[in-house]
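Model, not experiment: these values are computed from the prediction. Every number for a ligand or one of its atoms is a count from 1 in the order of the listing. Residues: numbered from 1 along the sequence shown.
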Amino acid sequence: MNKVHINASKSYDILIEKGLLPHCGSYIKTICKAQSICLVTDDTVDALYADTVIHSLQIEGFHTVKFVFAHGEESKNSATYLNLIDYLAQNHITRTDAIVALGGGVVGDLAGFAAATFLRGISFIQIPTTLLACVDSSVGGKTAIDIQAGKNLLGAFYQPSLVLCDPLTLRTLTDEIYRDGCAEIIKYAMITDAHFFEQLKQQPVKEWEEEVIKRCVEIKRDVVMQDEFDRGLRALLNFGHTIGHAIEACSQFQISHGHAVAIGMHIITKAAENFGIAEKGCTEALEKILTAYHFPLAVTYSDEALFKAALQDKKREGDSITLIIPTQIGTCRMQPLPTENLLDWIKQGR
Ligand code: NAD
Ligand code: GLY
């Protein structure tokens with residue numbers, strides 16, 4: 001069993017082990033006094049794993065109810081959120097009860113936001129089932145839903161009480177969804193750990209998943225424990241995301257998040273090398289690993305279209321935007337820039 005402990009506004013463990021899912025109830029029992037648990041999941045994950053989780057919770061004596069919504073980012077909205085809140089109320093979920101979020105980042109973000117706000121906050125447990133959710137979204141306490149004005153604009157910082165990660169659940173992911181997680185993994189290596197970057201080059205993630213997830217969660221833990229509320233250092237986790245979000249938006253979300261982040265990291269690294277900030281050879285090293293993980297790096301949108309879309313970034317602060325810039329593999333720095341300079345960065349990175 002791999003275990004990572006986080007000390008933030010709440011202290012909790014992330015447990016990572018193949019075959020953990022059928023025993024999730026017993027781990028939840030050790031940290032949770034709930035009588036009733038509401039399992040929240042999407043329809044795809046429901047068909048695959050909900051029965052296993054409910055069975056395990058019931059063996060431990062929990063009364064269970066289940067809220068299922070249609071899979072996909074389109075469901076991460078106020079309508080699903082309010083339906084979930086009504087469902088919790090109608091099923092007499094009380095302050096001492098809990099929510100279990102079983103699924104990818106969409107389920108975790110939505111269920112987490114419901115947990116943060118229902119009765120002013122009830123416990124929640126994350127059981128991530130995508131690689132991205134295992135290495136990123138289930139950890140660190142960012143919860144949110146999308147509103148018409150943009151993604152993740154309504155949310156709260158609200159830490160889970162436990163994260164249970166069973167890498168066997170990742171076997172049912174499509175290659176594309178699995179790859180989205182790989183982009184975030186390469187991101188962690190780029191921002192903090194050159195040795196990890198080398199290891200990811202030598203051995204594909206799938207061959208040593210548990211260790212990879214643990215390493216990523218440790219990196220995220222170290223950042224979150226220093227800056228839980230995203231006032232500074234946590235921005236490092238956004239490496240590749242400003243341009244990545246712009247690419248997603250330009251493609252009307254046809255290019256997946258991970259793929260867009262991969263291209264975003266590449267553009268910023270190439271620009272940093274051209275500006276003489278990143279060590280020579282960084283771009284080639286990043287290109288090699290991204291290509292090995294099957295990320296196509298070509299983009300058809302114009303520099304101006306990307307620039308315009310990037311200006312919508314919610315991390316923008318007035319006329320300034322903080323870019324995460326690599327100086328070498330495994331080291332990045334944060335640099336606030338006047339927003340108009342971003343166009344030069346995009347041009348240099350293409
Ligand atoms: P997702 O939750 O939509 O999952 C992707 C697809 O995979 C869905 O169709 C889902 O039904 C399916 N799926 C999930 N687990 C499966 C499994 N084991 N087998 C087969 N299919 C499975 O997307 P995601 O990529 O996991 O997460 C993206 C979301 O996460 C976005 O909304 C993003 O904003 C959010 N996010 C949040 C944070 C955070 O810190 N809170 C960080 C990164 C991303
Ligand atoms: N995924 C970025 C963060 O948690 O801050």
Between Glu176 and Arg179, does any side-chain N to carboxylate O distance fall below 4.0 Å?
no

Practice prompt. Before accepting this row, confirm whether a basic side-chain N of the pair Lys270/Glu273 lies closer than 4.0 Å to the acidic partner's carboxylate O.
Written response: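 Looking at Lys270 and Glu273, the cut-off is not met.
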
Among Thr129, Ile127, Leu102, whose side chain to side chain contact (heavy atoms under 4.5 Å, CB included) with Thr41 holds?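 Looking at Thr129, Ile127, Leu102, the match for Thr41 under the side chain to side chain contact (heavy atoms under 4.5 Å, CB included) is Leu102.
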
Return yes when atom NZ of Lys308 has more than 12 non-hydrogen atoms of other residues, nucleotides or ligands closer than 6.0 Å, and no otherwise.
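Incorrect, the count does not exceed 12.
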
- Message: If you count heavy atoms of other groups shown closer than 6.0 angstrom to CD of Glu284, is the number above 12?
- Response: no

Give the minimum heavy-atom separation between Leu297 and Glu287, together with the two atoms involved.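 Distance-wise, the nearest heavy atoms are CD1-CG, 3.9 Å.
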
So which protein residues pack against ligand 1 under 4.0 Å, heavy atoms counted?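 Ligand 1 is contacted, at a heavy-atom distance under 4.0 Å, by Asp42, Thr44, Val45, Leu48, Tyr49, His71, Glu73, Lys76, Gly104, Gly105, Val106, Asp109, Thr129, Thr130, Leu132, Asp136, Ser137, Lys142, Lys151, Asn152, Thr169, Thr172, Leu173, Ile177, Lys220.
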
Could you walk me through whether Leu164 and His23 pass the side-chain contact (heavy atoms from CB on, under 4.5 Å) test, one step at a time? CA-CA 10 Å; Leu164 296 173; His23 312 289; over 6 Å; no

Within 4.0 Å of some non-hydrogen atom of Lys220, the atoms of ligand 2 are 1 (N), 3 (C), 4 (O)

**Report entry** Residue from Phe118, Phe113, Phe69 passing ring-ring contact (aromatic ring centres under 6.0 Å, His included) with Tyr81
**Finding:**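 Running ring-ring contact (aromatic ring centres under 6.0 Å, His included) over Phe118, Phe113, Phe69 with Tyr81 returns exactly one hit, Phe113.
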
Query raised in the report: Is the closest N or O pair between Arg234 and ligand 2 shorter than 3.5 Å?
Result: yes

Contact with ligand 2 for Asp136, non-hydrogen, under 4.0 angstrom: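 Yes.
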
Any heavy atom of Glu184 sitting closer than 4.0 Å to ligand 2?
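Checking ligand 2 against Glu184, which is what was asked, there is no heavy-atom contact under 4.0 Å.
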
